[in-house]
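No hydrogens, no waters, no symmetry mates; every other heavy atom, side chains included, goes into these values.
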Amino acid sequence: MKKERLKNHYLQGLGLLVIVLALVRCIFPSVAEVDTPAAGRDAEEPVATAMQEMQTDTVVEEFSDRPIPPPEALPYTAPGSRAMHSATRTMRHLGTGERRHRIYSVSDYQTVFPDTNALQLSAACHWGVTPVRNRADAEERRTQLVYIGASPYYSVDRLTRSIPYLVPRAAVLLDDIGRAFFDSLHVKGMALHRFIVTSVLRSGEDVEKLRRTNKNATELSCHLYGTTFDISYTRFQVVEDPQGPPRRVSPNDSLKWVLSEVLRDMREGERCFIKHEVKQPCFHITVR
């Protein structure tokens, strides 16, 4: 009799538990769902991401000890192109921050930047203003010329034989070179530096004075037309953070290599003509 009573209590308790579980499932149906790979793409994505990380790390390790190929062996990637955006996206190293791009420079400065004064003069005559006589004449040309004496991307040297004015087309080119130089320094993990513009628009009086001290100076200067500027490749100015510690100055050679890559892209994009000057260490640039 006692055993029969225990059996009835057990069956009643079991039935009550089944009823409670059924009510819970009706009220909260999500508790019955099972997360499986077949439930959707969300379950597959962590696995795919892990596989991609393993492949990326393997490729980096495999190629880390190989010699750097010469620049001429590398495909040209135009600024703003889809390939450039793709290359920029690969900067992000999963879990370790940014991946720095290598510095390649150019194969040979004289070969990559061969544009003669005659070629640049032709472009200057086409895109430039009529030569200015003196500084007062330049001041009166403000509707044709743009002041470039202040910029966050470059510094203008203390000018004694030129005036900080360019035609709008050349001013845009100079600004684009400065922006691209900053971008290149950033992706290569280098501190930001401004390049220095050493010569801009020259008046007739400036050319005359320059020829007295420099026999190599020509009367037919591209600088007369406001289309031409010189960028030093031996002097740069580090961009300091006013609220941070002093930044480390990069070697001039490394900065010149990065600048040469930017200028090569601008020239191959048919934005300008460039001559690598040796006696006066600068890139002589004319808009086109």
Side-chain angles (χ1 to χ4, degrees), residues 109-151 153-178 194-236 256 259-260 262-264 266-267 269-288:
Y109 294 114
Q110 302 302 323
T111 302
V112 177
F113 307 115
D115 301 323
T116 63
N117 183 73
L119 179 62
Q120 297 197 36
L121 183 62
S122 176
C125 293
H126 179 75
W127 295 109
V129 297
T130 56
V132 299
R133 299 184 301 275
N134 48 40
R135 294 175 182 267
D137 186 18
E139 291 291 334
E140 296 177 358
R141 305 280 192 95
R142 290 190 176 182
T143 57
Q144 301 174 300
L145 299 170
V146 177
Y147 178 75
I148 54 97
S151 172
Y153 304 108
Y154 56 84
S155 295
V156 179
D157 208 5
R158 184 175 178 271
L159 303 176
T160 58
R161 294 290 185 270
S162 63
I163 319 168
Y165 287 99
L166 288 172
V167 296
R169 189 183 188 89
V172 171
L173 170 66
L174 178 59
D175 200 59
D176 288 347
I177 293 174
R194 298 185 184 95
F195 55 73
I196 298 177
V197 179
T198 57
S199 185
V200 202
L201 172 68
R202 292 177 187 165
S203 66
E205 291 181 355
D206 291 327
V207 173
E208 184 178 351
K209 293 177 181 179
L210 187 62
R211 284 177 57 81
R212 295 174 186 170
T213 57
N214 185 0
K215 295 182 180 180
N216 293 325
T218 175
E219 293 184 21
L220 298 176
S221 173
C222 300
H223 290 280
L224 288 167
Y225 302 90
T227 57
T228 305
F229 50 88
D230 295 341
I231 296 178
S232 173
Y233 55 71
T234 58
R235 292 187 295 136
F236 297 86
K256 179 183 178 181
L259 179 60
S260 67
V262 172
L263 295 179
R264 176 201 59 204
M266 291 291 177
R267 183 180 180 275
E270 298 184 353
R271 296 285 307 277
C272 56
F273 294 113
I274 304 176
K275 176 67 175 177
H276 178 263
E277 302 285 358
V278 178
K279 293 183 178 180
Q280 295 181 347
C282 68
F283 290 107
H284 182 69
I285 305 169
T286 298
V287 71
R288 58 180 294 188

If I compare all heavy atoms of L121 with all of Y225, which pair ends up nearest, and what's the gap? CD1-CE1, 3.7 Å
For T234 and P281, work out which heavy atoms get closest and say how close. CG2-CB, 3.7 Å
Distance col, row I285:CD1 vs I177:CD1, nearest 0.5 angstrom, shows 4.5 Å
Counterpart residues, side-chain hydrogen bond (donor to acceptor under 3.5 Å, both in side chains), relative to T130 (two or more places apart): R141
If the condition is side chain to side chain contact (heavy atoms under 4.5 Å, CB included), which residues does R288 pass it with, not counting sequence neighbours? E270, F273
I need the D230 CG to S162 OG distance, nearest 0.5 Å. 8.5 Å
In chain order, what residues pass the side-chain hydrogen bond (donor to acceptor under 3.5 Å, both in side chains) check against T116, with sequence neighbours excluded? none
Minimal non-hydrogen separation, S232 against T198, with atom names: CB-CG2, 3.7 Å
Verify side chain to side chain contact (heavy atoms under 4.5 Å, CB included) between Q110 and V278, making sure each step is shown before the conclusion. CA-CA 10 Å; Q110 302 302 323; V278 178; 3.5 Å; yes
Set of residues satisfying salt bridge (charged side-chain N to carboxylate O under 4.0 Å, His left out) with respect to D157, sequence neighbours excluded: R235
Of all residues at least two apart in sequence or in a different chain, which pass the side-chain hydrogen bond (donor to acceptor under 3.5 Å, both in side chains) check with S155? Q237
Verify side chain to side chain contact (heavy atoms under 4.5 Å, CB included) between I148 and Y154, making sure each step is shown before the conclusion. CA-CA 10 Å; I148 54 97; Y154 56 84; 3.5 Å; yes
More than 12 heavy atoms from other groups under 6.0 Å of CZ on R133: no
List in chain and number order the residues that pass salt bridge (charged side-chain N to carboxylate O under 4.0 Å, His left out) with E140, two or more places apart in sequence or in another chain; answer none if no residue qualifies. none
Could you pull out the closest heavy-atom pair between S221 and V207, with the gap in Å? CB-CG2, 4.4 Å
Residue set satisfying ring-ring contact (aromatic ring centres under 6.0 Å, His included) with H276, at least two apart, ordered chain then number -> Y109, Y233, F283
Rounded at 0.5 Å granularity, tell me how far CZ in F229 sits from SG in C272. 6.5 Å
Only one of Q120, H284, R267, K275 passes side-chain hydrogen bond (donor to acceptor under 3.5 Å, both in side chains) with D115, and that residue is R267
Drop me the distance from H223's NE2 to S199's OG, to the nearest 0.5 angstrom. 4.0 Å
Working to the nearest 0.5 Å, report the span between CG of N117 and OG1 of T286. 8.0 Å
Heavy-atom closest pair (L201 atom, L224 atom, distance to 0.1 Å) is CD1-O, 3.5 Å
Could you pull out all residues at least two apart from R142 that satisfy side chain to side chain contact (heavy atoms under 4.5 Å, CB included)? E139, Y165
In sequence, state the C-alpha distance, the side-chain angles, and the governing distance for L259 and F195, and then conclude on side chain to side chain contact (heavy atoms under 4.5 Å, CB included). CA-CA 8 Å; L259 179 60; F195 55 73; 4.1 Å; yes
Do you know which two heavy atoms are closest between D137 and N134, and how far apart they sit? N-OD1, 2.8 Å
Under the salt bridge (charged side-chain N to carboxylate O under 4.0 Å, His left out) test, which residues partner E277, sequence neighbours left out? none
Evaluation steps, side chain to side chain contact (heavy atoms under 4.5 Å, CB included), between I163 and D206: CA-CA 9 Å; I163 319 168; D206 291 327; 4.0 Å; yes
Residues two or more places apart in sequence or in another chain: which of them pass salt bridge (charged side-chain N to carboxylate O under 4.0 Å, His left out) with R271? D176
My understanding is that only residues two or more places apart in sequence, or in another chain, count here; which of them pass side chain to side chain contact (heavy atoms under 4.5 Å, CB included) with V112? V106, S107, R264
Measure the shortest side-chain to side-chain distance between T227 and L166 over non-hydrogen atoms and say whether it is less than 4.5 angstrom. no
Could you pull out all residues at least two apart from E208 that satisfy side chain to side chain contact (heavy atoms under 4.5 Å, CB included)? R212
